[in-house]
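Below: the structure, in structure tokens.
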Amino acid sequence: MRRAVVLLVLALSACSSSGTNVPAGQYGDATQQPGEAVIVGSLSTLGLTGVADGRRLHFTFRAYDPATGRLIPNGPAFEIVRETCRADGPQCDPSQPLHQVVTLPPGHYVLTATHLLGDVTPLPSSQSATHFYVPVDVNFWGMSLDDDAALENTETVEIEVGPGEVVYFGALSVDRPDSDREKRYYAMVFDVERDDAAATAALEAAGIGASAMIWRPAT
């Protein structure tokens, strides 16, 4: 188990990805649409390479179908976004927990990739760091996510949330160990811890009632 640290819920400033839900705390109160669910949790990392001051680490989740074990083409997605900056506190240190809130359609989600982005636009390929955790297409020009990738034998993070639920998936510390599969996808290892006080504070800061919070840890 990792050493416990004091958790602070602070607003972040980051750009969003088109079509992808990002943490509500970055832009004010969460707006939960009819039929949507809410998740709260933290993603932190010690071992992912390429993190540098002033850049953003995006943890991207995609919806998948548990009946088929495959990603849903053009399905819902969301992100947890971590800043790096020259200041003290967990908002600037991706190795420390920082709970965030996202509203999203109910379903099953899997961590598909992490992306290190610059201040406004993606970094040049020589400086960027994209790690995929589900199979990708590989060709002469590069690699991209398989839109309906099969998840069998992948090692990554899965989150489940039902209609109208407020789910706490935990405080995850993730890492990408050395792997010989980098042309296809990386293995992911992670630990899950629980801090109800931090999760409750994040929900309240986003304007979401915490009384209905359900503990359903990521797997």
Open item on the list: Consider side-chain hydrogen bond (donor to acceptor under 3.5 Å, both in side chains). Of Thr114, Thr156, Thr154, which one does Tyr133 pass it with?
Closed with: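 Answer to the side-chain hydrogen bond (donor to acceptor under 3.5 Å, both in side chains) test with Tyr133 among Thr114, Thr156, Thr154: Thr114.
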
Nearest-0.5 Å distance, [atom1] of residue [X] to [atom2] of residue [Y]:
X: Glu155; Y: Met188; atom1: CD; atom2: CE; result: 10.5 Å
X: Tyr185; Y: Asn153; atom1: OH; atom2: CG; result: 6.0 Å
X: Thr103; Y: Ile208; atom1: OG1; atom2: CD1; result: 7.0 Å
X: Leu172; Y: Leu111; atom1: CG; atom2: CG; result: 9.0 Å

Open item on the list: Any donor-acceptor pair under 3.5 Å linking the side-chain atoms of Ser44 with those of Gln96?
Closed with: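 Per modelled atom types, Gln96 and Ser44 side chains form no pair under 3.5 Å.
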
Might you point out which heavy atoms bring [X] and [Y] nearest each other, and give the distance in Å?
X: Pro106; Y: Pro163; result: CB-N, 3.4 Å
X: Val157; Y: Ala218; result: CG1-CB, 3.7 Å
X: Phe132; Y: Ala113; result: CD2-CB, 3.8 Å
X: Ala202; Y: Val40; result: CB-CG2, 3.9 Å
X: Gly162; Y: Ala37; result: O-CB, 3.3 Å

TODO: Could you give me the CA-CA distance, side-chain angles and deciding distance for Leu71 and Leu151, then say whether side chain to side chain contact (heavy atoms under 4.5 Å, CB included) is met?
DONE: CA-CA 7 Å; Leu71 294 180; Leu151 304 180; 4.1 Å; yes

Task: Any residue meeting side-chain contact (heavy atoms from CB on, under 4.5 Å) with Pro217, in chain and number order, not counting sequence neighbours - done: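 Partners of Pro217 by the side-chain contact (heavy atoms from CB on, under 4.5 Å) criterion, ordered by chain and then number, come out as Val192, Trp215.
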
TODO: Please name all residues satisfying side-chain contact (heavy atoms from CB on, under 4.5 Å) with Asp196, sequence neighbours left out, ordered by chain then number.
DONE: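 By the side-chain contact (heavy atoms from CB on, under 4.5 Å) rule, Asp196 matches Tyr168, Arg194, Met213.
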
Open item on the list: Working note: Val102 + Glu79, criterion side chain to side chain contact (heavy atoms under 4.5 Å, CB included); need CA distance, chi angles, decisive distance, verdict.
Closed with: CA-CA 8 Å; Val102 179; Glu79 289 186 342; over 6 Å; no

Determine whether a donor-acceptor pair (N or O, by modelled atom type, separation under 3.5 Å) exists between the side chain of [X] and the backbone of [Y].
X: Glu152; Y: Gly69; result: no
X: Thr45; Y: Val174; result: yes
X: Arg62; Y: Val110; result: no
X: Thr112; Y: Thr60; result: yes
X: Arg82; Y: Phe59; result: no

Open item on the list: Would you say that more than 12 heavy atoms from the other residues, nucleotides or ligands in this model lie under 6.0 Å from the CG of Asp147, or not?
Closed with: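 Enclosed.
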
Open item on the list: I'd like to check the salt bridge (charged side-chain N to carboxylate O under 4.0 Å, His left out) partners of Asp148; sequence neighbours left out, ordered by chain and number.
Closed with: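 Listed in chain order: nothing, the list is empty.
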
Open item on the list: I'd like to check the salt bridge (charged side-chain N to carboxylate O under 4.0 Å, His left out) partners of Asp65; sequence neighbours left out, ordered by chain and number.
Closed with: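 For Asp65 there are no salt bridge (charged side-chain N to carboxylate O under 4.0 Å, His left out) partners, ignoring immediate neighbours.
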
Open item on the list: Does anything in residues 163-174 form a salt bridge (charged side-chain N to carboxylate O under 4.0 Å, His left out)? List the pairs, not counting sequence neighbours.
Closed with: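 Qualifying pairs: Glu165-Arg216.
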
- [ ] Would you please name every residue forming a ring pair (Phe, Tyr, Trp, His ring centres under 6.0 Å) with Phe190, sequence neighbours left out?
- [x]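 Counting only residues at least two positions away or on another chain, Phe190 forms no ring pair (Phe, Tyr, Trp, His ring centres under 6.0 Å).
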
Open item on the list: Which residues pass the ring pair (Phe, Tyr, Trp, His ring centres under 6.0 Å) test with Tyr109, not counting sequence neighbours?
Closed with: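 With neighbours one apart ignored, the set is Phe78.
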
Task: Residues that Tyr64 engages under side-chain hydrogen bond (donor to acceptor under 3.5 Å, both in side chains), provided they are two or more places apart - done: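 Once residues adjacent in sequence are excluded, the partners of Tyr64 under the side-chain hydrogen bond (donor to acceptor under 3.5 Å, both in side chains) criterion are Glu158.
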
Task: Working for side chain to side chain contact (heavy atoms under 4.5 Å, CB included), residues Val38 and Val101 - done: CA-CA 7 Å; Val38 177; Val101 176; 3.7 Å; yes

Task: Derivation and outcome, side chain to side chain contact (heavy atoms under 4.5 Å, CB included), residues Ile39 and Phe61 - done: CA-CA 12 Å; Ile39 59 167; Phe61 286 77; over 6 Å; no

- [ ] Output every pair passing ring-ring contact (aromatic ring centres under 6.0 Å, His included) with a member in residues 144-167, not counting sequence neighbours, ordered by first then second residue.
- [x]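 Residue pairs passing ring-ring contact (aromatic ring centres under 6.0 Å, His included), neighbours aside: none found.
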
